[in-house]
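Everything on this sheet refers to the single structure shown next.
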Amino acid sequence: MNRGRALSQLSVCLRGQVPKNADWPAILALANEGMITSELYPLLMHDAATQHQLPEEVRIFLAEVHRRNRDRNASLFATLKDALSALNAAGIEPVLLKGCGMWAANNGAMGPPSGDRMVSDLDLMVRKSEGRPALDALRGAGFSVLENHEADDLQVVAVLGRTPDAGTVDLH
């Protein structure tokens with residue numbers, strides 16, 4: 001695989017176009033590595049002409065990745081709502097970072113996530129003085145501390161999770 005060529009062809013895809021002589025295994029490998037595969041689906045499915053330029057197996061793959069990511073994001077969104085409910089009940093109003101912030105960017109209303117953006121975890125930031133009460137509130141809601149960094153001088157206070165959840169909560 002020529003990474004330079006794959007990157008160039010992936011860039012064409014991100015503009016909603018199908019590259020000539022596309023090296024789909026290399027393009028998709030690079031997209032998977034960058035966690036942007038699900039973002040290709042709406043870009044390349046925007047019109048029938050573009051769709052017909054794609055090999056059938058690429059269309060099927062992109063549709064499946066997009067569907068699975070949408071389902072995963074819906075699960076993560078439910079986890080986020082549980083975490084926010086627990087924190088809010090304790091009087092803590094976290095700042096939603098990265099993917100969480102994008103989900104809440106709809107005039108402050110939490111909107112259901114699309115399958116376009118892959119979210120690997122939920123990033124919530126609390127005031128330094130609220131770190132311990134936030135951990136206690138999340139533990140009370142059934143979250144287990146997977147990594148505790150309170151004693152460290154790190155940006156992340158703790159990483160929390162629950163067995164059925166699709167991802168973790170990173171408490172900053």
Shortest non-hydrogen contact from [X] to [Y]?
{"X": "Ile27", "Y": "Cys13", "result": "CG2-SG, 4.2 Å"}
{"X": "Ser120", "Y": "Arg72", "result": "O-NH2, 3.8 Å"}
{"X": "Asp123", "Y": "Asp121", "result": "OD2-OD1, 2.8 Å"}
{"X": "Cys100", "Y": "Leu124", "result": "SG-CD2, 4.4 Å"}
{"X": "Ser38", "Y": "Asn69", "result": "OG-ND2, 3.4 Å"}
{"X": "Leu96", "Y": "Leu84", "result": "CD2-CD2, 3.7 Å"}

Are the side chain of [X] and the backbone N or O of [Y] linked by a donor-acceptor pair below 3.5 Å?
{"X": "Gln51", "Y": "Met45", "answer": "yes"}
{"X": "His46", "Y": "Gly16", "answer": "yes"}
{"X": "Asn2", "Y": "Gly4", "answer": "yes"}
{"X": "Glu93", "Y": "Leu87", "answer": "no"}
{"X": "Glu39", "Y": "Ile36", "answer": "no"}
{"X": "Asn88", "Y": "Ile92", "answer": "yes"}

Do you reckon Phe61 sits in the same ILVMFWY cluster as Met35, going by side-chain contacts under 4.5 Å, direct or chained?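 They do share one cluster, since a chain of ILVMFWY contacts under 4.5 Å joins Phe61 to Met35.
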Joint cluster assignment, Leu7 & Leu14, ILVMFWY side-chain distance < 4.5 Å: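 Yes.
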State, yes or no, whether a side-chain contact exists between [X] and [Y] at a heavy-atom distance under 4.5 Å.
{"X": "Thr79", "Y": "Arg162", "result": "yes"}
{"X": "Trp24", "Y": "Leu54", "result": "yes"}
{"X": "Phe143", "Y": "Leu135", "result": "no"}
{"X": "His172", "Y": "Pro94", "result": "no"}
{"X": "Thr163", "Y": "Asp165", "result": "no"}

Check: Thr50/Asp47 side-chain N/O donor and acceptor closer than 3.5 Å: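 Their side chains do contain a donor-acceptor pair, which is all the 3.5 Å distance test asks for.
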Distance-only donor-acceptor check, side chains Asn32 and Thr37, under 3.5 Å: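 On atom types as modelled, these side chains qualify, holding a pair under 3.5 Å.
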About how many Å separate CE of Met125 and CD of Glu130, when rounded to the nearest 0.5 Å?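 These two atoms lie 10.5 Å from each other.
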Separation between CZ of Arg15 and CG of Leu43, rounded to the nearest 0.5 Å: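 Those atoms lie 11.5 Å apart.
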Worked check of side chain to side chain contact (heavy atoms under 4.5 Å, CB included) between Asn73 and Arg68: CA-CA 9 Å; Asn73 282 354; Arg68 288 182 184 205; over 6 Å; no
Trace of the salt bridge (Lys or Arg N to Asp or Glu O under 4.0 Å) decision for Glu56 with Arg59: CA-CA 5 Å; Glu56 181 180 5; Arg59 282 195 313 272; 5.1 Å; no
Applying side chain to side chain contact (heavy atoms under 4.5 Å, CB included) between Leu146 and each of Thr168, Leu160, Val169, report the one that passes.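 Only match with Leu146 under side chain to side chain contact (heavy atoms under 4.5 Å, CB included): Thr168.
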Exactly one of Asp23, Val65, Leu62, Leu10 should register a side chain to side chain contact (heavy atoms under 4.5 Å, CB included) with Leu28. Which one does?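 Only one option passes, and that is Leu62.
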Any chance you could lay out the salt bridge (Lys or Arg N to Asp or Glu O under 4.0 Å) test for Asp136 and Arg139, step after step, and finish with the verdict? CA-CA 5 Å; Asp136 293 341; Arg139 278 193 198 112; 3.3 Å; yes
